[in-house]
Undergrad: 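Quick one: structure below, then a few questions.
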Number of protein chains: 2
Amino acid sequence: MTETCNCNNCRNELCIRKVPIFSTLNQEDVGKIASLINHRDYKKGETILFDGDYTDSVVIINEGSAKAYKNTPDGREQILYVFSEGDFFGEQNLLGNKTATFSVEALQPVNTCILSRGQFQKLLYSYPEIAVKIIEELSGRMARLETALQSMGVRNVDTRVGGILLEFATKYSTKTNEGTLIHLPLSREGIANYLGVARETLSRKLGQLENEGLIRSVNNKEILIPNMQAIELLAGAGY
Amino acid sequence: MTETCNCNNCRNELCIRKVPIFSTLNQEDVGKIASLINHRDYKKGETILFDGDYTDSVVIINEGSAKAYKNTPDGREQILYVFSEGDFFGEQNLLGNKTATFSVEALQPVNTCILSRGQFQKLLYSYPEIAVKIIEELSGRMARLETALQSMGVRNVDTRVGGILLEFATKYSTKTNEGTLIHLPLSREGIANYLGVARETLSRKLGQLENEGLIRSVNNKEILIPNMQAIELLAGAGY
DNA sequence: CGAGTCCTTGAATACACTCAACTGTGGTGG
DNA sequence: CCACCACAGTTGAGTGTATTCAAGGACTCG
C-alpha cells in the first residue's frame, strides 16, 4: 500500500497528493482515501456537470481545467470560476439532496477524481483537518467572488479588464525578460463572459490597451505585460 | 450551568441557540461554548469591521442587521451581504493572519457574539459537526454570491430589480391578503448599491413597476407585491 | 490547404449614468 | 406646535459608453 507502483490505488494516491484539502494527511490515510476514489475523463468541450442536475458526488479536478458558469435569462453565459488542478466542486451537496447551481464544462481534456457524498461526509467527521481545509478553500473562493462582484459593479470597463489581467497574472503567468507572460485559460469570448461584457467590447478594450503599450497580444492564448504596475494602476485607480 | 437564569452564561446560551451552526450541540456543549463568548453592541450606522483591518475573531450577529460592502475604485459602495440574526463573519481569518476583505456596518442597533480565532479553531476540531454546518452555511452564501454575479451580468436592469425583489421576498416578507409585503432591509440607495446601479435608475425602475401595477410602494421601508408570479416572470424571462 | 470557428473592426442605437433641481420626510429646537 | 434643516428619494434633460448588428479578417484543426 505504501509502495509506488502503477496500480489503481497508487495512481489515486498521486491524485490525492495534488489536492490541497488532503495535504495534511499522512501516507496511511492517503492510502485509505485512495481506495474510495473513482475516475472519469472528459474531452474538451464536454460538460462535466449540468446546472440543475441532481448529483451526489464531489468532483476533484486531477488534470486539465474547466469553466463553471450559469446561463443568464437573457441568453448569455456568466462564467463564475475557472477550475484547474486541485480544485473541487459539488461540496454544496454535502448535506441535503441539492441540485447543481452551475454547469461545468471542460476547457481542455480533463481527468477527475470522484468521491461519493457519503464517503466525503465520513471523511469530514474522521478528519476535522480536512473540513478546516475546505473551509479555508471555500473562504478563498468566496473572497474571489466578492471581488468579482465588486468589479462587476464598477462602471468603467477598463478597470474591470485591468482587474482580470491582474487575476490571471497571479494564477497563469510566467516571468520573462520582456515582462509577465499570461497564459490565458479562456478564449476572448470566455473572458468576456467572465467579465460580463460583450465579446466585442473586450476586443476593443484590449486593442486600446495594446495601442497604449500596456499589453502585447502575443497570440490568442498569450498576453505579455511589460509593466505590471501600469496594470495595477489601471485596475485600482480607474482612468 | 443547565438552569435558565439571567447570568451572563445563560444569556450567552440564548445567543448560541439562535445560531444555526451550533444547532446540533447538546445542552452541555452549549454551556461550554457560552462561557467563551464576549459581547459587543453597535449603534445604527456604526462600523463593526473595517475592510483591510486585521482581526482575529469570528463575529456572530445576535440581534439586528448589518451590511457588508466593499468600496469600488470609482468611489461607489458595492454591498455584498445583508447579515441578520444568526449570520456570522470573520471565518476567513480562521487559519492565517488575514485581513478583512470587506467592511461591515450596522443597519440597526446590533448586538454581537464574539469568539476568538483560537477558540473557534478548537471548536472545529472538537466538534466536526460544527465544521460541517459552517461548510453548509458557506455553500449557501456562495450560491447567493454566484446568483448575484449572474444577475450583475444581465444587461436588462428590470430583470435585476425583479431578482432582488424575489430575494427579499423569500427573506423579509409577510403574507397579507393583499399580497406579499416585503420589509426592505436596505434603503433605496442601499438596494441600488446592492444591485450595482445608480440610485436614480433604481428609483425610475421601481416607479415604472408601480405604474405597471406589479408593485405597490407602501412606504420607503415596505413594498407590496400583489402577484408574485409576475415578478418571477420579470426576474426570469426578462422583458 | 480549406472550412469552420474565433476574433476584430465599423456604424448606429439604446440605455443607464451624471448633473441638477425639486419633493417629501423625519428629526430638532425654538 | 410649527418652522426649519438635513437627508432620502424622485423626476427631468442631456451625454457617454457599451451594446447590437453586420461584415471582414485571422487563426486552428483536420
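Please read all numbers here as calculations on a predicted model, not as lab measurements. Numbers restart at 1 for each chain; the letters A, B, ... are given by sequence-line order, proteins then strands.
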Undergrad: Would you kindly give the NZ-to-C1' distance between B:Lys44 and D:dC7, to the nearest whole Å?
TA: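 Those two atoms, NZ and C1', are 11 Å apart.
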Undergrad: What is the distance, to the nearest angstrom, from the CG atom on A:Leu107 to the C1' atom on D:dT28?
TA: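 A:Leu107 atom CG is separated from D:dT28 atom C1' by 17 Å.
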Undergrad: Could you tell me whether A:Asn219 contacts a base, only the sugar-phosphate backbone, or nothing, with contacts defined as non-hydrogen atoms closer than 4.0 Å?
TA: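 No contact at all - A:Asn219 keeps every heavy atom at 4.0 Å or more from the nucleic acid.
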Undergrad: Are the charged groups of B:Arg204 and B:Glu200 less than 4.0 angstrom apart, N to O?
TA: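 No.
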Undergrad: With DNA chain D as reference, determine whether B:Leu206 or A:Gly196 sits nearer its 5' end, using the nearest nucleotide of each.
TA: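 Going by which nucleotide is closer to the 5' end, it is B:Leu206.
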Undergrad: Between the base of C:dC19 and the side chain of B:Glu200, is there any donor-acceptor pair under 3.5 Å?
TA: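 Indeed, a donor on one side and an acceptor on the other fall under 3.5 Å apart.
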Undergrad: Does B:Arg204 make a side-chain donor-acceptor contact with the base of C:dT18, cut-off 3.5 Å?
TA: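 Under the 3.5 Å cut-off, the side chain and the base do form a donor-acceptor pair.
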Undergrad: Provide, to the nearest angstrom, the distance between the CG atom belonging to A:Leu202 and the C1' atom belonging to C:dT8.
TA: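 So the two atoms are 11 Å apart, to the nearest Å.
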Undergrad: Tell me if a side-chain donor or acceptor on A:Gln78 pairs with a main-chain N or O of A:Thr72 at a distance below 3.5 Å.
TA: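 Checked: no pair found.
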Undergrad: Mark yes or no: B:Arg141 above the aromatic ring of B:Phe88, with NZ or CZ under 6.0 Å from the six-membered ring centre and no more than 45 degrees from the axis.
TA: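 Yes.
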Undergrad: Examine B:Phe102 together with B:Tyr69 and report whether their ring centres are nearer than 6.0 Å.
TA: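 Between B:Phe102 and B:Tyr69, the centre distance exceeds or equals 6.0 Å.
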Undergrad: Of all the nucleotides listed (C:dA16, D:dA18, C:dT18), which has the minimum atom distance to the side chain of A:Thr201?
TA: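 Ranking C:dA16, D:dA18, C:dT18 by closest atom to the A:Thr201 side chain puts D:dA18 first.
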Undergrad: Does atom CZ (A:Arg155) have a neighbourhood of more than 12 heavy atoms from anything else shown, all under 6.0 Å?
TA: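 More than 12 heavy atoms, drawn from other residues, nucleotides or ligands, come within 6.0 Å of this atom.
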Undergrad: For A:Asn193 and C:dC7, what is the distance between atoms CG and C1' respectively, to the nearest whole Å?
TA: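 After rounding, the reported distance stands at 14 Å.
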Undergrad: Considering heavy-atom distances to DNA chain D, does B:Arg188 or A:Lys205 have its closest nucleotide positioned more toward the 5' end?
TA: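 It is B:Arg188 whose nearest nucleotide is closer to the 5' end.
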Undergrad: Side chain of A:Arg155: nearest nucleotide among C:dC17, C:dC7, D:dT10?
TA: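 Selected nucleotide: C:dC17.
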Undergrad: Measure from CG on A:Leu195 to P on D:dT19 and round the result to the nearest Å.
TA: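 Result: 10 Å.
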Undergrad: Closest to the B:Arg199 side chain: C:dC17, C:dA11, D:dT10?
TA: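 For the B:Arg199 side chain, the nearest candidate turns out to be D:dT10.
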Undergrad: Give the rounded distance in Å between these two atoms: CG of B:Asp158 and P of C:dA14.
TA: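 Rounding to the nearest Å, CG of B:Asp158 and P of C:dA14 are 16 Å apart.
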Undergrad: Distance check needed: D:dA26 C1' versus A:Asn220 CG, whole Å only.
TA: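 One finds 8 Å between C1' of D:dA26 and CG of A:Asn220, rounded.
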Undergrad: Taking only the side-chain heavy atoms of A:Ser203 (C-beta and beyond), determine which of D:dA18, C:dT9, D:dG9 contains the nearest atom.
TA: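 Nearest to the side chain of A:Ser203 among the choices is C:dT9.
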Undergrad: Measure CD/A:Gln108 against C1'/D:dT28 and give the value in whole Å, please.
TA: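 Taking CD of A:Gln108 and C1' of D:dT28, I get 16 Å after rounding.
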Undergrad: Between D:dT19, C:dC17, C:dC7, which one does the side chain of A:Ala198 approach most closely?
TA: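 Nearest to the side-chain atoms of A:Ala198, counting from C-beta on, is D:dT19.
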